[in-house]
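Below is one structure, written out as structure tokens, with a few remarks after it.
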There are 2 protein chains.
Amino acid sequence: MERKDADVCEIYYVNEAHVQSARQVLSPDREILSLAEIFRTLGDPTRVKVLQALSVEELCVCDLAKLLGISESATSHQLRVLRNQKLVRFRKEGKMAFYSLDDAHIDSLMKEALRHVREGADQYRGTERVRESAG
Amino acid sequence: MERKDADVCEIYYVNEAHVQSARQVLSPDREILSLAEIFRTLGDPTRVKVLQALSVEELCVCDLAKLLGISESATSHQLRVLRNQKLVRFRKEGKMAFYSLDDAHIDSLMKEALRHVREGADQYRGTERVRESAG
DNA sequence: TTAACGTATGAGCAGTTGTGCATATTATCG
DNA sequence: CGATAATATGCACAACTGCTCATACGTTAA
């Protein structure tokens, strides 16, 4: 468990304290993995587009394929990824499969990230983010 | 621009309407890419841990390496990724490099995602489709 | 039944990613 | 100066990812 850390940094005692306190706030491993998995799922342009598109209304696979500009096969593959992550669900109507969002958090996540992106694009890094545009 | 879509689905006209309205809400490509990039950056367990750890206090590379259980080289590599994404910053103090969070949004993003993960773990899907087995 | 359509899935491939190893860089100490 | 410590970086490699292609599945129409 605790290995000697005399060989780590020169202020090894403070080091250990830092590591310990940092370890406190770390989520358990399974949560870390789930977190990373969610983000990784969102970390693909195609899937971001799918989720944005589905935030308006349900769409069938061929609609999405056309919108995305990729094959219906690729679209189906991506939808399966999103389905496995419980981010979308689908209903069958005849031969068609209509997909829709299956998660409320995801939209907030994307909107929050979008805010970040938009800030960063225009005038990122003020000084310390002191009153970005407070009047 | 508009290609014939008579070969897509059978209700091609409705299809086109759906695709059009969906296209409306899609962010411009560069924003989509930035979004995906941010999420992809967050989509790795090691980096999630780094960000969680740094949410408490700044840490040096060797602290982080110890906390993560990976080499200091790998840690440095990951910190560079986070640095490039402007998610962390660092200050040099002698030979040490102390890293800290450089973004306010990220913490909210992670907390929001954590909520999602925690809901999903225990009693996922209770919001929308209650009574799935209702006739 | 056969045929066509919309979708799903497995295989394979090119491109990417995270890590360790070796080495370079920078700073402190003697 | 040289030696050592803390960090950074180039390279290599295994693992993974997203796509296309081929094919299978389920539904509808004839």
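Here is how names work: the chains are called A, B, and so on, in the same order as the sequence lines, proteins then strands, and each is numbered from 1.
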Should A:R115 and A:E112 count as an ion pair when the cut-off is N to O under 4.0 Å? yes

Q) Are A:S100 and A:V88 close enough that some pair of their side-chain heavy atoms sits under 4.5 Å apart? A) no

**Polar contact flag, side-chain donor to acceptor under 3.5 angstrom, A:E119-B:H105** = yes

- Query: If only side-chain N and O atoms of A:Y99 are considered, is one of them under 4.0 Å from the OP1 or OP2 phosphate oxygen of C:dA8?
  - Reply: yes

Between CG of A:L79 and P of C:dT9 the distance, given in whole Å, is 11 Å

Separation between CG (A:D107) and OG (A:S55), nearest 0.5 Å, reads 5.5 Å

Notebook entry, point to check: If only side-chain N and O atoms of A:Q78 are considered, is one of them under 4.0 Å from the OP1 or OP2 phosphate oxygen of D:dC19?
Noted result: yes

Separation of C:dG18 atom P from B:L64 atom CG, nearest Å, is 16 Å

Atom CD of A:E93 and atom P of C:dG6 are separated, to the nearest Å, by 14 Å

B:E58 atom CD is separated from D:dA6 atom C1', nearest whole Å, by 15 Å

Residues of residues 40-47 of chain B with a heavy atom under 4.0 Å from any atom of DNA chain C, listed by number, are B:R40, B:D44, B:T46, B:R47

Any side-chain donor-acceptor pair under 3.5 Å between B:Q24 and B:Q20?
no

Q: Check whether B:L42 and B:V81 end up in the same hydrophobic cluster, where Ile, Leu, Val, Met, Phe, Trp and Tyr are linked by side-chain heavy atoms less than 4.5 Å apart.
A: no

**Message:** Are B:I38 and B:Q85 packed together at the side-chain level, in the sense that at least one heavy-atom pair is separated by less than 4.5 angstrom?
**Reply:** yes

Atom CG of A:D63 and atom C1' of C:dG6 are separated, to the nearest Å, by 11 Å

Margin query: Salt bridge check, A:R91 against A:E58: does any charged N sit closer than 4.0 Å to a carboxylate O?
Written below: yes

In whole angstroms, the gap separating P of D:dT7 from CG of B:L82 amounts to 16 Å

Taking C-beta and beyond as the side chain, do B:I70 and B:T46 meet within less than 4.5 Å on heavy atoms?
-> yes

When you compare the protein's N or O atoms with those of nucleotides 20-24 of chain D, which come within less than 3.5 Å of each other, and at what distance?
unit_1	atom_1	unit_2	atom_2	d
D:dT20	OP2	A:S71	OG	2.8
D:dT20	O4	A:H77	NE2	3.4
D:dC21	N4	A:S73	OG	2.7

Pull out every protein N or O sitting under 3.5 Å from an N or O of nucleotides 23-26 of chain C, one pair per line with the distance.
none

Does D:dC19 have OP1 or OP2 under 4.0 Å away from a side-chain N or O of A:R80?
no

Item to check | Side chains of A:Y99 and A:R83, donor plus acceptor under 3.5 Å | outcome: yes

Separation of D:dG18 atom C1' from A:N84 atom CG, nearest Å, is 15 Å

Here the distance between atom P of C:dC29 and atom CE of B:M96, to the nearest Å, is 13 Å

Do B:D44 and B:Q78 have side-chain heavy atoms sitting under 4.5 Å apart? yes

